[in-house]
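By convention in this document, chain letters (A, B, ...) are assigned in the order of the sequence lines, proteins followed by strands, and residues within each chain are numbered from 1.
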Number of protein chains: 2
Amino acid sequence: MQLLLKNIKQLVTVASNGKQCKTGVEMRDIGVIENATVLIEDGHFRWIGADAKFTTALSDDAHIVDASELVALPGFVDCHTHLVFAGSRENEFAMRAAGKTYQQIAEQGGGILSTVKATRAAVKKDLKKLASKRLDDMLKHGTTTVEIKSGYGLEEESEIKMMDVINELRKEHYMTVMPTFLGAHAIPPEYKQKPDEYVEFVCERMLPYVAKRKIASFCDVFCESGYFSVGQSRKILEKARSLGIDLKIHADELAPSGGSTLAGELRAVSADHLEHINDAGIRALKAGGTVGVLLPGVSFFLNHSYAPARKLIDAGVPVAISTDFNPGSCMSFSVPMMMTLACTQLNMTPEEAIAACTLNGAAALKMSNTVGSIETGKQADIVLYDIPNYQYLAYHFGVNHVNTVIKRGVILEF
Amino acid sequence: MQLLLKNIKQLVTVASNGKQCKTGVEMRDIGVIENATVLIEDGHFRWIGADAKFTTALSDDAHIVDASELVALPGFVDCHTHLVFAGSRENEFAMRAAGKTYQQIAEQGGGILSTVKATRAAVKKDLKKLASKRLDDMLKHGTTTVEIKSGYGLEEESEIKMMDVINELRKEHYMTVMPTFLGAHAIPPEYKQKPDEYVEFVCERMLPYVAKRKIASFCDVFCESGYFSVGQSRKILEKARSLGIDLKIHADELAPSGGSTLAGELRAVSADHLEHINDAGIRALKAGGTVGVLLPGVSFFLNHSYAPARKLIDAGVPVAISTDFNPGSCMSFSVPMMMTLACTQLNMTPEEAIAACTLNGAAALKMSNTVGSIETGKQADIVLYDIPNYQYLAYHFGVNHVNTVIKRGVILEF
């Protein structure tokens with residue numbers, strides 16, 4: 001089956017030219033083609049270029065879309081989310097607005113553990129229904145690949161329930177879903193006085209089970225004071241690696257905790273957050289080939305400091321941007337909103353923001369050979385926007401500019 | 001014609017109880033009714049209260065809406081916008097992201113004057129079409145009353161063209177539109193060396209014409225270093241007042257320039273921006289009964305300082321929030337986005353943010369006797385949202401939660 005998009009006013013390919021990701025000044029080179037044609041066949045891009053150069057003969061039943069008023073980008077790759085959860089935390093949002101800090105709220109029983117309580121109590125079917133609705137909404141806003149973490153169970157049964165929900169969505173939903181096991185998201189209340197025993201439980205019980213069932217592409221740890229130390233994080237991540245699972249880490253969010261250095265040393269696929277990364281951490285990420293995943297929505301939502309995006313980019317660390325969609329620290333799945341934050345708060349250019357939310361997001365999931373750019377042979381995830389040019393997407397904020405979402409070559413009907 | 005909204009999960013009335021606006025702790029009292037009924041008749045609210053208390057007999061042709069999964073708020077009153085403009089300025093947005101300041105860009109021919117150039121060049125029909133589309137989009141996002149300023153003409157013909165567009169939209173569009181004359185938005189290039197002559201021109205030529213044709217409810221001035229001094233602003237505003245036009249002022253945006261003090265002294269209806277208001281300015285607004293209109297989207301978009309919202313509220317100044325929708329310093333018409341900014345960056349509570357975008361927005365337009373709250377006799381502008389409770393609106397950001405917009409008692413079809 002052929003789908004031809006023709007007369008695309010502006011096509012942003014984010015062409016990777018065979019590389020896994022974009023770094024440094026390459027992030028500003030996003031491969032823009034004016035008046036472009038894209039031919040999709042059997043769910044993959046077959047031909048990409050200027051209208052004038054297109055000469056391929058079409059099959060009789062080819063579907064042709066005139067995109068002369070539209071701008072096209074690769075579907076967004078949102079590489080860090082916690083979107084399987086029950087309950088919501090607008091009450092904490094209101095408490096923060098009235099002056100409480102995130103940590104004060106956590107000490108009063110709020111924070112991650114309040115979502116843990118609701119998620120443990122929810123039956124699988126309900127959790128899945130909530131998450132599936134969120135994936136629908138994300139597709140409508142231009143996201144076509146999503147990573148989802150467990151971590152609101154913090155006990156065997158509930159963590160596995162979350163992983164099962166994620167894996168069922170991965171099989172059944174239109175969205176491309178990548179599952180991450182985050183059993184070490186917080187110290188469960190039952191282990192408050194004996195965190196090392198929980199680490200042991202994660203390493204010796206949960207991880208082997210997850211590995212055996214092949215239900216996690218990644219293992220992640222929240223490495224931070226009050227959560228998991230560098231030593232505990234190392235233990236969990238080394239165990240995961242020994243079981244053949246790739247590594248991610250929540251690093252240096254609230255203070256420079258050494259998480260980024262660990263990430264680089266272990267050659268983790270990504271180190272995420274990095275609001276307080278120091279120079280040693282930056283050097284480690286660069287040396288380890290680790291993608292730095294920035295989550296500006298969290299800094300915005302909690303009114304915390306922003307990550308030093310410019311320093312990271314200028315140092316040659318591949319930088320991705322993601323929503324961190326979760327009910328506590330960033331209740332938003334809008335990637336364009338994160339691009340606006342990147343441009344206004346992180347001093348990233350619109351081009352860098354686009355590369356960070358597409359190809360580099362894919363790199364943070366080891367998927368840049370299949371998604372994240374519009375290149376021949378890749379999965380045909382492409383989104384058309386009602387905007388005059390690609391810069392407009394981050395510029396005109398707070399509104400959904402999506403016109404059409406094409407997922408694996410299929411035009412989605414909402 | 002009757003329209004009955006019943007079983008409203010949560011109705012936020014923002015009841016004014018006969019007052020023009022909410023100040024101090026009253027801003028947190030937004031009159032929430034659970035399981036509510038609203039009866040609308042001939043475009044106005046006729047009955048408001050708990051479902052259980054509703055006993056009014058309905059006419060045979062009454063239209064009944066079950067809102068049991070929805071939350072209702074008054075339509076937003078966006079009391080400060082520049083939404084009539086041609087062109088767009090995403091290029092400047094990109095320049096700022098790459099490190100240029102707003103003032104550097106202005107010095108290079110960007111800034112307000114670049115929109116002036118495009119707006120002068122546009123024919124009235126095109127300007128109106130662009131603006132009308134923006135009003136449609138704003139209605140879809142829950143805004144039912146909008147103030148619009150001229151100020152991209154800065155010469156007689158183009159300023160009047162803008163005022164005519166605003167007044168035609170006021171007559172023809174579903175949106176309630178309030179027109180403001182802002183001839184003194186910037187020194188026109190033609191008067192760069194002789195700003196006092198332009199002030200003279202505004203006072204002696206444009207204002208009398210505007211007053212005679214009754215095409216402006218308000219006169220506004222951009223009082224700031226490099227724009228109009230306090231003395232020049234006073235001259236223009238006093239002239240406007242002598243012609244029977246109410247006063248607004250852009251004050252203390254880039255530095256404490258004395259604009260707020262002038263606003264209070266002249267008993268202006270509102271003083272807008274206030275990012276750098278000082279204690280004398282706060283006292284003046286309070287004494288003058290002047291509404292302080294905060295525009296957090298500008299601080300966000302330009303990465304400038306935010307206005308001291310808490311100080312203003314705690315001092316008893318009535319605070320409104322608006323988008324300042326314009327192509328240079330805030331390219332967004334999303335009021336909920338501004339509420340999120342208010343909660344995360346201004347330390348306002350969700351309740352204060354709602355009062356600021358409804359009743360107090362109406363007060364900034366001298367309209368709180370007709371719009372801005374859900375009270376018997378007022379114009380039936382009410383919006384239903386797909387959210388579990390009103391706090392969710394600012395909490396879950398970057399997405400449009402509107403389910404149904406009712407304008408003057410009519411359900412709008414989009």
Side-chain angles (χ1 to χ4, degrees), chain A residues 28 87-99 134 137-138 140-141 297 299-304 306 310 323 325 327-328 330-353 387-400, chain B residues 28 87-99 134 137-138 140-141 297 299-304 306 310 323 325 327-328 330-353 387-400:
Chain A
R28 300 190 180 199
S88 58
R89 281 155 56 190
E90 60 277 21
N91 59 330
E92 295 179 19
F93 177 79
M95 284 164 78
R96 275 200 308 283
R134 288 171 197 142
D137 288 338
M138 292 168 91
K140 289 177 194 167
H141 287 74
S299 304
F300 171 69
F301 203 66
L302 301 181
N303 204 358
H304 284 180
Y306 286 87
R310 281 257 61 85
T323 61
F325 180 29
C330 186
M331 188 64 180
S332 183
F333 52 67
S334 167
V335 172
M337 188 67 227
M338 303 306 140
M339 289 170 49
T340 303
L341 286 163
C343 294
T344 60
Q345 314 298 311
L346 300 180
N347 291 315
M348 289 173 65
T349 67
E351 294 78 13
E352 289 170 338
I387 50 177
N389 54 63
Y390 70 82
Q391 289 182 327
Y392 213 84
L393 199 55
Y395 164 68
H396 190 169
F397 70 106
V399 58
N400 185 13
Chain B
R28 299 190 181 199
S88 58
R89 280 154 58 191
E90 60 276 20
N91 59 330
E92 295 180 18
F93 178 79
M95 285 164 78
R96 275 200 307 282
R134 290 172 195 141
D137 288 339
M138 292 168 92
K140 288 177 194 166
H141 286 74
S299 305
F300 171 70
F301 203 66
L302 301 181
N303 205 358
H304 284 180
Y306 285 88
R310 280 257 62 84
T323 61
F325 180 31
C330 186
M331 188 64 179
S332 184
F333 52 67
S334 167
V335 171
M337 189 66 227
M338 303 307 140
M339 289 170 48
T340 302
L341 286 163
C343 293
T344 60
Q345 314 299 311
L346 300 181
N347 291 315
M348 288 173 66
T349 67
E351 294 78 14
E352 289 169 338
I387 50 177
N389 55 62
Y390 70 82
Q391 288 182 328
Y392 213 84
L393 199 55
Y395 165 68
H396 189 170
F397 69 106
V399 59
N400 185 13

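Contact of A:Arg89 with chain B is made through backbone and side chain together, with heavy-atom distances under 4.5 Å. In this structure, chain B has no heavy atom under 4.5 Å from any part of A:Pro336. If you measure heavy-atom distances from A:Met95 to chain B, you find no contacts under 4.5 Å at all. Both the backbone and the side chain of A:Ser88 come within contact range of chain B, with heavy atoms under 4.5 Å apart. Interface remark: B:Ala394 contributes backbone and side-chain atoms alike to the contact with chain A (heavy atom separation under 4.5 Å). When heavy atoms are compared at a cutoff of 4.5 Å, A:Met331 approaches chain B by way of both its backbone and its side chain.
Chain B forms more heavy-atom pairs under 4.5 Å with one residue of A:Ser334, A:Gly99, A:Pro327 than with any other, namely A:Pro327. In terms of heavy-atom pairs under 4.5 Å with chain A, the best-connected choice from B:Gly398, B:Ala342, B:Ser332 is B:Ser332. Your options are B:Ala353, B:Ala98, B:Ala94, and the one with the most heavy-atom pairs under 4.5 Å with chain A is B:Ala94. Among B:Asn400, B:Leu341, B:Asn389, the residue making the largest number of heavy-atom pairs under 4.5 Å with chain A is B:Asn389.
Atom CZ of A:Phe93 is separated from atom OG1 of B:Thr349 by 10.0 Å, given to the nearest 0.5 angstrom. The CG atom of A:Leu393 sits 11.5 Å away from the CD atom of B:Glu90 when rounded to the nearest 0.5 Å.
The two atoms that bring B:Asn303 and A:Thr344 nearest to each other are ND2-O, 2.9 Å, heavy atoms only. Nearest approach of B:Phe301 to A:Tyr395, heavy atoms of both residues: CE1-O, 3.2 Å.
Relative ring orientation between B:Phe333 and A:His396 is described as perpendicular, the plane-to-plane angle rising above 60° on a 0-90° scale split at 30° and 60°.
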